[in-house]
Amino acid sequence: MSKTVITYGTFDMFHIGHLRLLRRLAELGDRLIVAVSTEEFNAEKGKKTLIPYDQRTEIIRAIRYVDEVIPEHSWEQKLDDVRRYDVSIFAIGEDWKGRFDFLKPYCDVIYLPRTEGISSTELKRSLNRFSSISREDLLHACEVLEALRKDFA
Ligand code: C2G
């Protein structure tokens, strides 16, 4: 009997933490459905994404562990999705531990360890730090690096 796994997420600035999660989810069953948060739902989650929904879904669709991509419009759709797609396992990162236990009467609920040291939020923070460096400071840094290169050439 085929086992369908479903998960939900924003998957902004796709990174190794997302990939490792999807790989582990694919190992749990025969079919993996990923519900990607729409811009409107991200606003409800208080999340501002850098990568637009159509590109986030295109990236997720391209991943060989993923069999189907659907939109995540609301908090309430999960039970409908479990029924509609005959889901055996709902799984998500353990940062959500306990939040979706209401699904337990309808499917297995699994919270998986996150990949430490990386998050879309941290990536965005790093980008912001870099973009806040003035043009003059960047040019000065290039001159210093050029001088060091000459000294050690
Ligand atoms: N994740 C991970 N390791 C990281 C970062 C994220 O395992 N270093 C996992 C999260 O635990 C989540 C998935 O990757 O299961 C997607 O993470 P986000 O894009 O941050 O999604 P989130 O905002 O948690 O949305 O209804 C549920 C929500 O839509 C989940």
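Just follow the structure's listing: the first ligand is 1, and inside any ligand the first atom is 1. Every heavy atom of this structure was used, including side-chain atoms; hydrogens, water molecules and symmetry mates were not. For clarity, every value in this text was computed on a predicted model and none was experimentally measured.
Considering both main-chain and side-chain atoms, Lys47 comes within under 3.5 Å of ligand 1 through a nitrogen or oxygen pair. Note: an N/O pair closer than 3.5 Å links Asp95 and ligand 1 by distance alone. Ligand 1 has a nitrogen or oxygen under 3.5 angstrom from a nitrogen or oxygen of Phe11. For a threshold of 3.5 Å applied to N or O pairs, the pair formed by Ile92 and ligand 1 contains no separation below that value. Taking distance alone, with nitrogen or oxygen atoms compared against 3.5 Å, Pro113 stays at or beyond that limit from ligand 1. For ligand 1, one of its N or O atoms has an N or O atom of Thr115 under 3.5 Å away.
When heavy-atom distances to ligand 1 are checked against a 4.0 Å cut-off, Ser37 comes that close only through its side chain, counted from C-beta outward. If you look at Thr10 next to ligand 1, the close heavy atoms, those under 4.0 Å, come from the backbone and the side chain alike.
Set against the non-hydrogen atoms of Tyr8, the atoms of ligand 1 under 4.0 Å away are 26 (O), 27 (C), 30 (C). Within ligand 1, counting atoms from 1 as listed, the ones closer than 4.0 Å to a heavy atom of Trp75 are 26 (O). Using a 4.0 Å cut-off to heavy atoms of Gly9, the atoms of ligand 1 that qualify are 21 (O), 25 (O), 29 (O), 30 (C). Shown in contact with Ile118 at under 4.0 Å from a heavy atom are these atoms of ligand 1, numbered in order with element: 4 (C), 8 (N).
For atom 13 (C) of ligand 1, the closest non-hydrogen atom of the protein is Leu21 CD2, 3.7 Å. Annotation: atom 14 (O) of ligand 1 to nearest protein heavy atom, His18 CD2, 3.5 Å. Protein heavy atom nearest atom 24 (O) of ligand 1, with residue, atom name and distance: Trp96 NE1, 2.7 Å. For atom 12 (C) of ligand 1, the closest non-hydrogen atom of the protein is Gly93 N, 4.1 Å. Nearest protein heavy-atom contact of atom 1 (N) of ligand 1 is Arg114 NH1, 4.0 Å.
Of the listed options Glu116, Glu72, Lys78, Glu72 places a heavy atom closest to atom 29 (O) of ligand 1. For the residues Lys45, Arg20, His15, the heavy atom positioned nearest atom 25 (O) of ligand 1 is part of Lys45.
In terms of modelled atom types and a separation under 3.5 Å, the side chain of Arg24 and the main chain of Pro113 share a donor-acceptor contact. No side-chain donor-acceptor contact under 3.5 Å links Glu122 to the backbone of Ser119. A distance-only check finds a donor-acceptor pair linking the side chain of Arg56 to the backbone of Ser37 [under 3.5 Å]. Between the side chain of Glu40 and the backbone N or O of His73, no donor-acceptor pair lies under 3.5 Å. At least one donor-acceptor pair under 3.5 Å links the side chain of Asp30 to the backbone N or O of Lys3.
The cationic group of Lys78 does not satisfy the cation-pi geometry with Phe90, failing either the under 6.0 Å distance to the six-membered ring centre or the 45° limit from the ring axis.
Checked for salt-bridge contact, Arg20 and Glu116 miss the test: no charged N lies under 4.0 Å from a carboxylate O. Here Lys150 pairs with Glu146 in a salt bridge; the nearest charged N to carboxylate O distance falls below 4.0 Å.
Atom NZ of Lys45 sits in a crowded spot, with more than 12 heavy atoms from other residues, nucleotides or ligands closer than 6.0 Å. The number of heavy atoms from other shown groups lying within 6.0 Å of CD (Glu58) does not exceed 12.
With Asp12 as reference, Lys124 is the one residue of Lys47, Lys124, His18 to meet the side chain to side chain donor-acceptor pair (under 3.5 Å) rule.
In the hydrophobic clustering of ILVMFWY residues, with side-chain heavy atoms under 4.5 Å counting as a link, Phe11 and Ile118 come out together.
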